[in-house]
Amino acid sequence: WLLSLVGGGSPMEDGSGDGAASDKTVHVHGTALETRGEVTATCYDTSGTRMATCTSEGAVHVWDRVDGPDGTPGHWRQSAAWAAHPRGATVACRAVAFAGAEFGQCLASSAQDGTVCVWREVLRAPGPAAAAAAAAAAEEGAMRWEQCAALRDGPMAVNHLGFAPPEFGLQLAAAGDDGVVRFYSPTDTLALAGWELCNEAEALVPGAACTALAWCRPTGAVVVSSSGG
């Protein structure tokens, strides 16, 4: 699959970008807010049918795949968008990551000012009327997400995020330009509340920025690469 996104405007349609698009291009259709600013990072949830993007203007957009009646993969529709990292002046969002489905719809974002935010989708009330309202909100790109935490333990950009494999609990690793990997966990996993710094480790090379981060299965170790210093 080829995902075509353009910063500062509508996502590309088939054949509208540089070079030829294949017949397996994923079409992204925004029905509410268009992507605000250059797209800086993307991620999928574990189902592969929900995607998040973040932008140079501090916005987070959530997209859901609308499949056909026979279950064939369909187009992508924007279901939510919000200013995740405004802080008065525009702050670029650098990374996004979904937690495992075992923890509900939980999403983390990070910014160039060192802030890490945790979000969750607002659960709808039971009943057919609420279900219809939720479907209409998704169609309009107005699904609600609420902030669970705003964490800032370093002064420099946080460029990489990753949730631990679910068997190791709800843990979020964050790394960036200060060369420190920080680990966060909530005190209340069910409510996704009480997020706090529970551990941190510096890069092997003093002053080196972290350039990549990944959790390793089945050990639960975090692999980090760094450069500079």
Side-chain angles (χ1 to χ4, degrees), residues 1-5 11 22-33 35 39-55 59-82 84 93 95-110 116-126 130-149 160-174 184-186 189-192 195 213-218 220 222:
W1 294 93
L2 171 66
L3 174 63
S4 299
L5 288 173
S22 74
D23 58 359
K24 291 186 177 180
T25 298
V26 177
H27 299 284
V28 183
H29 301 281
T31 56
L33 296 174
T35 302
V39 174
T40 54
T42 63
C43 68
Y44 287 95
D45 71 355
T46 53
S47 73
T49 61
R50 171 163 278 189
M51 176 179 63
T53 60
C54 62
T55 77
V60 170
H61 297 253
V62 176
W63 312 80
D64 290 313
R65 195 179 73 193
V66 181
D67 293 342
D70 58 352
T72 56
H75 66 275
W76 290 83
R77 178 185 65 197
Q78 181 177 272
S79 61
W82 65 94
C93 189
V96 281
F98 278 108
E102 295 84 348
F103 306 107
Q105 286 298 316
C106 177
L107 174 70
S109 61
S110 64
V116 175
C117 293
V118 183
W119 311 87
R120 72 171 178 179
E121 189 174 26
V122 176
L123 297 177
R124 64 175 177 85
E139 183 70 29
E140 296 170 1
M143 294 292 288
R144 290 179 55 217
W145 288 70
E146 62 184 3
Q147 189 180 85
C148 301
H160 308 283
L161 295 171
F163 281 96
E167 58 264 33
F168 298 102
L170 185 54
Q171 298 184 65
L172 173 66
Y184 299 96
S185 293
T189 302
L190 185 61
L192 298 178
W195 287 82
L213 178 152
W215 288 85
C216 180
R217 258 178 161 151
V222 172

Chemist: Nearest 0.5 Å, what's the SG-CD distance between C106 and E121?
Modeler: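 It is 11.5 Å, given to the nearest 0.5 Å.
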Chemist: Going through the distances and angles, do V116 and L172 end up as a side-chain contact (heavy atoms from CB on, under 4.5 Å)?
Modeler: CA-CA 10 Å; V116 175; L172 173 66; 3.8 Å; yes
Chemist: With rounding to the nearest 0.5 angstrom, report the CZ to CD distance, R120 to Q105.
Modeler: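 With rounding to 0.5 Å, CZ (R120) is 12.0 Å from CD (Q105).
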Chemist: Might you point out which heavy atoms bring P218 and F168 nearest each other, and give the distance in Å?
Modeler: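 The pair with the smallest heavy-atom distance is O-CZ, 3.1 Å.
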Chemist: Find out whether L170 and F163 are in side-chain contact, i.e. whether some heavy atom of one side chain is under 4.5 Å from a heavy atom of the other.
Modeler: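 Yes, close enough: below the 4.5 Å cut-off.
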Chemist: Do we see a donor-acceptor contact under 3.5 Å between the side chains of W195 and S185?
Modeler: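 No, because no side-chain N or O of W195 sits under 3.5 Å from a partner of the opposite role on S185.
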Chemist: Rounded at 0.5 Å granularity, tell me how far CD in Q147 sits from CG in L192.
Modeler: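 Here the interatomic distance stands at 12.5 Å.
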Chemist: Can you tell me how far CZ of R144 sits from OG of S79, rounded to the nearest 0.5 angstrom?
Modeler: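 Rounded to the nearest 0.5 Å, the OG-CZ separation comes out at 14.0 Å.
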Chemist: Can you check whether V118 reaches L107 side chain to side chain, under 4.5 Å on heavy atoms?
Modeler: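 The answer is no, as the side chains (C-beta and beyond) never meet within the 4.5 Å cut-off.
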Chemist: Looking at R77, R50, Q78, which hits side-chain hydrogen bond (donor to acceptor under 3.5 Å, both in side chains) with D64?
Modeler: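 Filter result, single survivor: R50.
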Chemist: Could you tell me whether the side chain of W215 and the main chain of G162 form a donor-acceptor pair under 3.5 Å?
Modeler: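 Yes; judged by distance alone, with no hydrogens or angles, the pair exists.
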Chemist: Please report the interatomic distance CH2(W76) to OG1(T53), rounded to the nearest 0.5 Å.
Modeler: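 Reported value, rounded in 0.5 Å steps: 11.0 Å.
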Chemist: Please tell me if the side chains of W119 and S109 come closer than 4.5 Å, counting only heavy atoms from C-beta onward.
Modeler: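 Sidechains of S109 and W119: in contact.
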Chemist: Using only atom types and a distance under 3.5 Å, with no angle test, would you say the side chain of T40 pairs donor to acceptor with the backbone of C93?
Modeler: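 A pair under 3.5 Å: yes.
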Chemist: Test side-chain contact (heavy atoms from CB on, under 4.5 Å) on F103 and T189 and set out the steps.
Modeler: CA-CA 8 Å; F103 306 107; T189 302; 3.7 Å; yes
Chemist: For the residue pair L213 and V222, establish whether any side-chain heavy-atom pair is separated by less than 4.5 Å.
Modeler: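 Counting from C-beta outward, L213 and V222 do come under 4.5 Å.
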Chemist: Minimum heavy-atom separation for P166 and G100, please, with both atom names.
Modeler: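 Closest pair (atom of P166, atom of G100, distance): CG-CA, 4.4 Å.
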Chemist: Quick one: sort the W145 and W82 rings into parallel, tilted or perpendicular, breaks at 30° and 60°.
Modeler: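 Parallel: the ring planes of W145 and W82 meet at under 30°.
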Chemist: Please lay out, stage by stage, how R217 and E167 fare under the test side-chain contact (heavy atoms from CB on, under 4.5 Å).
Modeler: CA-CA 10 Å; R217 258 178 161 151; E167 58 264 33; 3.0 Å; yes
